[in-house]
Amino acid sequence: MNSSKHTELANHAWSVADLLRGDYKQSDYGKVILPFTVLRRLECVLDLTRDKVLAEHDRFKGQDVDVSRFLRRASGHRFYNVSGYTLKSIANDSGQAAKHLLAYIGAFSENAQEVMERYEFAQQVRRLDNAGLLYRVVGRFADFDLHPYQRDKKTREILTDDRGEPLVNVSNHQMGYVFEELIRRFAEQSNGPAGEHFTPREVVELMVNLLVAPDDDVLSIPGTSRTVMDPACGTGGMLSAAEEHITRHNSSATVTVFGQELNPESWAICRSDMMIKDQDPDNIKFGNSFSDDGHRGKHFDYLLANPPFGVEWKKVKDEVEDEYETLGESGRFGAGLPRINDGSLLFLQHMISKMKPVTADGKGGSRIAIVFNGSPLFTGAAESGESRIRQWILENDWLEGIVALPDQLFYNTGISTYFWILTNRKAKGHKGKVVLLDARDQFAKMRKSLGDKRKFVTGDQIKDITRLYAEALDAAQDADHPQHGKVKVFANEDFGYRRITVERPLKLRFEVTDETLTALAASKPIQKVSDVNTLTTALKPLVGQVWMTKRAAWDTLRKTMAEGGAPWPTGTAFQKAMRDIVGVRDPEGEVQLVKGEPEPDAELRDYENVPLDENVEEYLRREVLPHVPDAWIDHEKTKIGYEIPFTRHFYVYKPPRPLAEIDAELKALEAEIQALLGEVTA
């Protein structure tokens, strides 16, 4: 693809900003440029069949007939326009530009009108008209050549090559790049997160490869039909890439795409793109996938998404929690709810609910690919919402693999990211196993940064990663494989652990100090049962005394208090308060007992994560008791947790440089500094 072409087209569209400057804030440029670009593309696509549509419209004029299907057939697309206006004719009548443009928009089919409504296009038309800019903006876009095919300048007929194939001018794929470039610029101007709208093309290509490549043999069968869904579809780049991958292997395959998007501009672009590609635009739903599932009850062959990283789901908290509590495992979120500030694992649960069931003969099933940051791998302690979700996925044997990507790969963040690949129809060799593939070093530096994106994955690297993922089981087992160190394979249960609570006994000595007396006087439990002035006065002579056992301390305290006119109160509250104040933690002190058993010291309490396949008592004897022989496990507090410590598994220890080498370097630097200082003083 000619990358300079889509940059040139995007520059043409963005040049309208010169007209808007002064009347619009920079952050609002996109509100004009994006919908006008969509409008011009729709006009160019419909140009070839425009006369045919108008003739068909006239034929049914005045008749009580639903003509929409006839008009769609005449247009050759899933949308149409029955107006005699064009952007060029509207621009030529500056005084009536607003009136004619709104009439032009109103003549589109309902699905196209809905796209423009999401842009709040009528509002922008009035604003531009009031500023005296409308006809000039319309004129700029009227000269914008976004026709799908090259045409003869005089006859306007489509030009063809030697084989009779039409010469492409601006393909749907190229148009996708133009949209994405405009959105990126719009996001930069408004300080918005561009990555919420789209994903870099090479990332999409790699993701689709890992998602679909294992099925290439099946997809090549004539008459193959597949459905693809993206619950955070943005401008539809992933859906388009998946469709292209499948049809590239089988031109006769039927691919139907579905999506949902919360951002109105992105939704509008995606929906218009689907119309242009002859996909059903009604399959692209608007709204929040969590609170308003636009594809309720539907299941798909492939699901893929790049949901926003670390975005809270507070706005839909009530709806999500209600589904969790009322539907439980029969709903989408029965496995658990993650913390409110990151909805990543909600997206994954939503997608899992859309997987096709596997039939008794092994047919059906689905594959999922999703982009995450590192948080879903390990965030959340044992039995937290995140841990329960990971446990649910692993115990159901759905997680096929995780691929670590380079950092600085996305437009809106420089952090490291990961592909999660899931399926409910694992290949026989993959059952019960999870592949971890480290592709963090597979990148090339960009000549010019785009936002936070400073790296990209080359075509050859995409092929290498795809091939390595397919060979993962062999590569992990074969020490001679050239990429052996980049792949590791684990059993599902390897990611599970028991979170054990290691207790140590509370050991105290007992002493009376001036601070002790002050604390006793301020203690409310003691104030309730004793006159604190009398008590502290009675104990004043004991300041400085220390006892190593509670019995000895209590005997002396009781006797001294009685002699001072402060009898020892009955009740456990007094004794507990007295012990907490007079008792001092001491490794050589007396072990405190409760019902004959050692009382645990909360300050010495520790936690250990023990692999599921290991006996916790053996772990205690090996790892803990050699250091603290009096420790024990409180089994009632043991919890089950699941995490995927990706970086730990691929950590390679790098020993520090020898001291002699460092010393030599320091001496060399010192000599260099001395030489420079000598030049200055000379």
Side-chain angles (χ1 to χ4, degrees), residues 13-14 16-17 19-47 50 53-54 57 68 71 75 77-144 146 179 182-183 186 189-190 192 197 235 261-276 281-282 284-287:
W14 201 259
V16 174
L19 300 176
L20 303 177
R21 191 170 292 113
D23 293 281
Y24 274 77
K25 295 184 296 184
Q26 285 187 353
S27 58
D28 288 340
Y29 289 170
K31 295 178 180 179
V32 174
I33 294 171
L34 293 176
F36 265 104
T37 302
V38 172
L39 178 59
R40 178 55 178 163
R41 174 63 171 182
L42 296 182
E43 180 175 86
C44 290
V45 169
L46 294 175
D47 192 35
R50 184 166 172 268
V53 170
L54 292 176
H57 182 251
S68 58
L71 296 177
S75 76
H77 300 280
R78 293 180 180 271
F79 59 98
Y80 55 84
N81 188 294
V82 294
S83 167
Y85 293 115
T86 64
L87 291 181
K88 185 171 286 294
S89 68
I90 293 170
N92 290 334
D93 189 353
S94 60
Q96 300 294 318
K99 177 183 176 182
H100 293 165
L101 183 56
L102 292 175
Y104 182 39
I105 296 299
F108 271 103
S109 54
E110 186 176 343
N111 52 10
Q113 287 187 54
E114 189 177 0
V115 169
M116 304 310 292
E117 287 171 4
R118 291 293 181 189
Y119 281 119
E120 298 181 341
F121 190 63
Q123 178 181 336
Q124 299 306 323
V125 169
R126 289 190 289 270
R127 182 176 175 182
L128 288 168
D129 191 44
N130 291 335
L133 296 173
L134 181 61
Y135 77 97
R136 297 173 66 187
V137 171
V138 172
R140 187 72 64 89
F141 278 97
D143 293 332
F144 196 10
L146 294 179
F179 281 142
L182 292 176
I183 291 172
F186 179 35
Q189 295 287 353
S190 59
H197 302 284
T235 58
E261 174 55 37
L262 180 60
N263 179 278
E265 288 89 355
S266 298
W267 175 89
I269 289 174
C270 181
R271 188 153 172 144
S272 59
D273 196 33
M274 293 303 110
M275 289 191 293
I276 292 167
D282 289 337
I284 309 300
K285 305 297 184 182
F286 180 77

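- Nearest approach of Asp143 to Lys88, heavy atoms of both residues: OD1-NZ, 3.1 Å.
- Scored by the salt bridge (Lys or Arg N to Asp or Glu O under 4.0 Å) test, Lys31 finds Asp28 as partners (sequence neighbours excluded).
- Considering every non-hydrogen atom in both Asn81 and Tyr104, the closest pair reads ND2-O, 3.0 Å.
- The side chain to side chain contact (heavy atoms under 4.5 Å, CB included) with Leu182 is formed by just one residue from the set Val38, Ile33, Thr235; it is Ile33.
- Rounded to the nearest 0.5 Å, atoms OH (Tyr119) and CD1 (Ile105) are 11.5 Å apart.
- Considering only heavy atoms from C-beta on, Phe108 comes within 4.5 Å of Leu42 through its side chain.
- Here the shortest heavy-atom pairing between Asp282 and Arg271 reads OD1-NH2, 2.8 Å.
- Listed for the Asp47 side chain is no donor-acceptor partner under 3.5 Å among the backbone atoms of Glu43.
- Contact detail for Ala13 and Thr37: the closest heavy-atom pair is CB-OG1, 3.8 Å.
- Every residue two or more places apart in sequence or in another chain was checked for a salt bridge (Lys or Arg N to Asp or Glu O under 4.0 Å) with Lys99, and none qualifies.
- Once rounded to the nearest 0.5 Å, the distance linking CZ of Arg126 with CD of Glu120 reads 10.0 Å.
- Shortest non-hydrogen contact noted between Arg118 and Pro264 is O-CB, 3.7 Å.
- For Arg136, the CZ atom sits in a loose shell: 12 or fewer heavy atoms of surrounding residues, nucleotides or ligands are nearer than 6.0 Å.
- At least one donor-acceptor pair closer than 3.5 Å links the side chain of Arg40 to the backbone N or O of Phe144.
- For the atom pair CG (Leu101) and OH (Tyr85), the distance works out to 10.5 Å, reported to the nearest 0.5 Å.
- Phe36 is not listed as a side-chain neighbour of Val16, based on a closest heavy-atom distance of 4.5 Å or more.
- Residues Val138 and Leu128 have side chains not in contact (no heavy-atom distance under 4.5 Å, counting atoms from C-beta outward).
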inquiry  = Checking Tyr135 against His100 for the side-chain contact (heavy atoms from CB on, under 4.5 Å) test, could you report, in this order, the C-alpha distance in whole Å, the side-chain angles of both residues, the deciding distance, and whether it holds?
reply    = CA-CA 11 Å; Tyr135 77 97; His100 293 165; over 6 Å; no
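- Leu20 CG to Gln26 CD: the interatomic distance, rounded to the nearest 0.5 Å, is 11.0 Å.
- Atoms CD and CG, on Gln96 and Leu102 in that order, are 11.5 Å from each other to the nearest 0.5 Å.
- Ser75 and Leu46 get closest at one heavy-atom pair: CB-CD2, 4.1 Å.
- Counting heavy atoms from C-beta outward, Glu114 and Trp267 have side chains that approach closer than 4.5 Å.
- Going from atom SG of Cys270 over to atom CG of Asn263 covers 11.5 Å, rounded to the nearest 0.5 Å.
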